[in-house]
Protein chains: 2
Amino acid sequence: MISENKQQKSTQKQGGDNSACKCGKWQRRKEDRPGEILFAALQVFSSKGFAAARLDEVAKKAGVSKGTLYLYFESKQALFKAVVTEFVLPQIQQAEEHAESYQGPIRDLMNNLLLHWQTHILQTELAGIPKMIIAEASNFPELAEFYVENVVNRVLAFISKLVKLGIERNEFRQCDPVNTARAFLTPMVFSAIWQHSMSVFDKGFDTKDYLDTHIEIVLDGLTKDNQA
Amino acid sequence: MISENKQQKSTQKQGGDNSACKCGKWQRRKEDRPGEILFAALQVFSSKGFAAARLDEVAKKAGVSKGTLYLYFESKQALFKAVVTEFVLPQIQQAEEHAESYQGPIRDLMNNLLLHWQTHILQTELAGIPKMIIAEASNFPELAEFYVENVVNRVLAFISKLVKLGIERNEFRQCDPVNTARAFLTPMVFSAIWQHSMSVFDKGFDTKDYLDTHIEIVLDGLTKDNQA
DNA sequence: CATAAATAACTGACTGGTTAGTTATTAAAC
DNA sequence: GTTTAATAACTAACCAGTCAGTTATTTATG
């Protein structure tokens, strides 16, 4: 009986709505609840934003009652914060490790990072997080501060270091590393924001074309002797 | 009495809070109310977003009671929409007219547009509108649709035309005009979004440096024979 | 092993505070 | 005195967070 329940769980993230599963209402699965709740919260927050997100909807998506949310998270804000920590930080970690072990031109590494963003992040609910943060920053300054310290600054430092390395290796022309890092990152962030807000209405927006143009302009603009 | 009030009004946008004025509570100024309310709404919406904006705060800022808002605007959403129409569309009109009468290199014209953005838009409450739209797009799809049709598509068409002209005149290299227009516009929009959300916490962000790097990369990247 | 008591996960109806929108009333204007 | 701008008290709805009650699971007992 117990093992059956635990196996059933493995398909949960595909469905996206645990309430569909046939298991009874009073299933006790202390281990799995936090993850299920966080994933449900990511979905609701990323599409509605913080203020408009309804905890009843999060609970329904996670297949629990609203009361259960409060067994695992202190408040709506704590849940919001946990979503960011849970889903964003591991991604950065992974990118840093990839760069660490990478041998080859910086240009190609940066191209890899952008490609990974395009194929593995933009498609997922993760892409909703930047919009969520920006939208709620002024109403929840504590969260914005947390995000800048743990995400923005860390990513900026990471990319700046790559640009600096590119200059040292004589791959890139002279430029300000931090601002160039921002120039490189902006369209990545923007593509995520746009996809999660306006792309439904902005029919002409094709993420791939947009990012291809971007990488062409920025990396060709940086690379020395890029004339064919 | 009336003329006194009207003169008093001219300083309103500096103060930003009409409730400070000593005129009596029952002043009847049918002509001026809509503008005052719209400006107050712009301020509140642009800093709080739609959902978190409180009509009581808008009313207080405009120096009226909440009931008065409903004499001039049908609903919160109608007010929101009016803010966009009132403040954004004239700016685009102006930019289009400037371009129309412009004689000289496209590169310089685009530089002008970016400079005007930097010095005349980014400083003002207007810069809060993009964030406001993006943040609320999924909760108010009708508004997002309205914005794409009236603002996004119009600006994209405008800039695309300039890029196309640049290619024809042999100033720019071959490229896709629409995606290049997006590449040019993205950091402008992003600077506005960032300024109205994260810049308080992201201390390293300097709008001028950021946009200078941007224009350098994009326009140098586009311009033919840009080797010194 | 069977059964009962204890514990802890979980539920859902409820509360208190908040706010968009309404309306009865007041005062200004002519 | 009539009309209308403006007010302020009001209502209806909504929702984060609570808690008393329900059920699954574990532990203790014979």
Side-chain angles (χ1 to χ4, degrees), chain A residues 1-6 8-9 18-19 21-37 40-41 44-45 48-83 136 139-140 143, chain B residues 1-6 9 18-19 21 23-37 40-41 44-45 48-83 136 139-140 143:
Chain A
M1 275 290 232
I2 296 167
S3 61
E4 261 181 47
N5 287 333
K6 295 211 166 150
Q8 197 168 30
K9 249 227 67 223
N18 295 325
S19 63
C21 83
K22 296 292 178 293
C23 51
K25 277 191 172 179
W26 289 87
Q27 290 295 334
R28 293 170 55 139
R29 299 188 290 105
K30 182 185 166 82
E31 304 287 308
D32 302 326
R33 295 298 192 206
E36 296 174 9
I37 292 168
V44 178
F45 281 143
K48 302 278 175 68
F50 182 78
R54 301 294 154 230
L55 289 186
D56 278 317
E57 195 184 341
V58 174
K60 196 185 164 191
K61 263 204 156 69
V64 296
S65 70
K66 193 166 67 169
T68 302
L69 300 184
Y70 285 87
L71 296 176
Y72 296 100
F73 301 96
E74 249 195 356
S75 64
K76 193 183 183 184
Q77 290 187 45
L79 181 59
F80 190 90
K81 220 164 165 173
V83 164
E136 308 293 346
N139 298 321
F140 302 92
L143 183 92
Chain B
M1 271 291 228
I2 294 170
S3 61
E4 260 183 47
N5 287 331
K6 293 210 169 153
K9 247 223 70 220
N18 294 324
S19 64
C21 82
C23 50
K25 277 193 172 179
W26 288 88
Q27 289 297 331
R28 293 164 58 130
R29 298 188 293 107
K30 186 184 165 79
E31 305 287 308
D32 301 328
R33 296 297 192 205
E36 296 174 9
I37 292 168
V44 179
F45 280 142
K48 302 279 175 69
F50 182 78
R54 300 294 154 230
L55 289 185
D56 278 318
E57 195 184 342
V58 174
K60 196 186 164 193
K61 264 204 155 66
V64 296
S65 71
K66 192 169 63 169
T68 302
L69 302 183
Y70 284 88
L71 296 177
Y72 297 100
F73 301 96
E74 250 197 353
S75 63
K76 193 184 182 183
Q77 291 187 46
L79 180 59
F80 190 89
K81 221 164 164 171
V83 164
E136 308 292 347
N139 298 323
F140 302 91
L143 183 93

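Atom set for the values below is all heavy atoms of this structure, side chains included, hydrogens, waters and symmetry mates excluded. Keep in mind the model is a prediction, meaning the values are calculated, not measured. The sequence lines fix the lettering, A, B, ..., with proteins before strands; numbering per chain opens at 1.
Taking atom CD of A:Glu57 as the reference point, atom P of D:dC14 lies 15 Å away to the nearest angstrom. Rounded to whole Å, the distance from NZ on B:Lys76 to P on D:dC14 is 15 Å. Protein atom NZ of A:Lys48 is 14 Å distant from nucleotide atom C1' of D:dC15, rounded to whole Å. Atom CG in B:Asp32 sits roughly 13 Å away from atom C1' in D:dA5 (whole-Å rounding). Rounded to whole Å, the distance from CZ on A:Arg54 to P on D:dC15 is 4 Å. Look at NZ on A:Lys30: it is 15 Å from P on C:dT7, rounded to the nearest Å. Distance CG (A:Asp56) to C1' (C:dT11): 12 Å, rounded to an integer number of Å. As a whole-Å value, the separation of B:Gln77 CD from C:dG21 C1' is 13 Å.
Looking at residues 67-75 of chain B, you'll see B:Gly67, B:Thr68, B:Leu71, B:Tyr72 sit with a heavy atom under 4.0 Å from some atom of DNA chain D.
Of the candidate nucleotides D:dA16, D:dT7, C:dA20, D:dA16 has the atom lying nearest to any side-chain atom of A:Lys66. The side chain of B:Arg29 sits closest to D:dA6 out of C:dA9, C:dC10, D:dA6. Considering only the side chain of B:Leu55, C:dA20 comes nearest among C:dA20, D:dA6, C:dT11.
Salt bridge A:Lys48/A:Glu57: present, at least one basic N to carboxylate O contact under 4.0 Å.
Residues B:Phe80 and B:Leu143 have side chains in contact (heavy-atom distance under 4.5 Å, counting atoms from C-beta outward). Side-chain contact between B:Leu79 and B:Phe45 is present, with heavy atoms from C-beta onward closer than 4.5 Å. Within the 4.5 Å cutoff, no side-chain heavy atoms of B:Arg54 are placed close to those of B:Val44.
Taking 3.5 Å as the limit, the base of D:dT4 and the side chain of B:Arg28 contain a donor-acceptor pair of atoms between them.
By the side-chain hydrogen bond (donor to acceptor under 3.5 Å, both in side chains) test, A:Lys66 pairs with no residue at all, sequence neighbours left out.
Taking NZ of B:Lys30 as the start and CZ of B:Arg28 as the end, the distance is 9.5 Å to the nearest 0.5 Å.
Residue contacts shown for B:Ala53 are limited to sugar-phosphate atoms, with no base heavy atom under 4.0 Å away.
Counting only residues at least two apart or on different chains, the side-chain hydrogen bond (donor to acceptor under 3.5 Å, both in side chains) pairs with a member in residues 67-79 of chain A are A:Ser65-A:Thr68.
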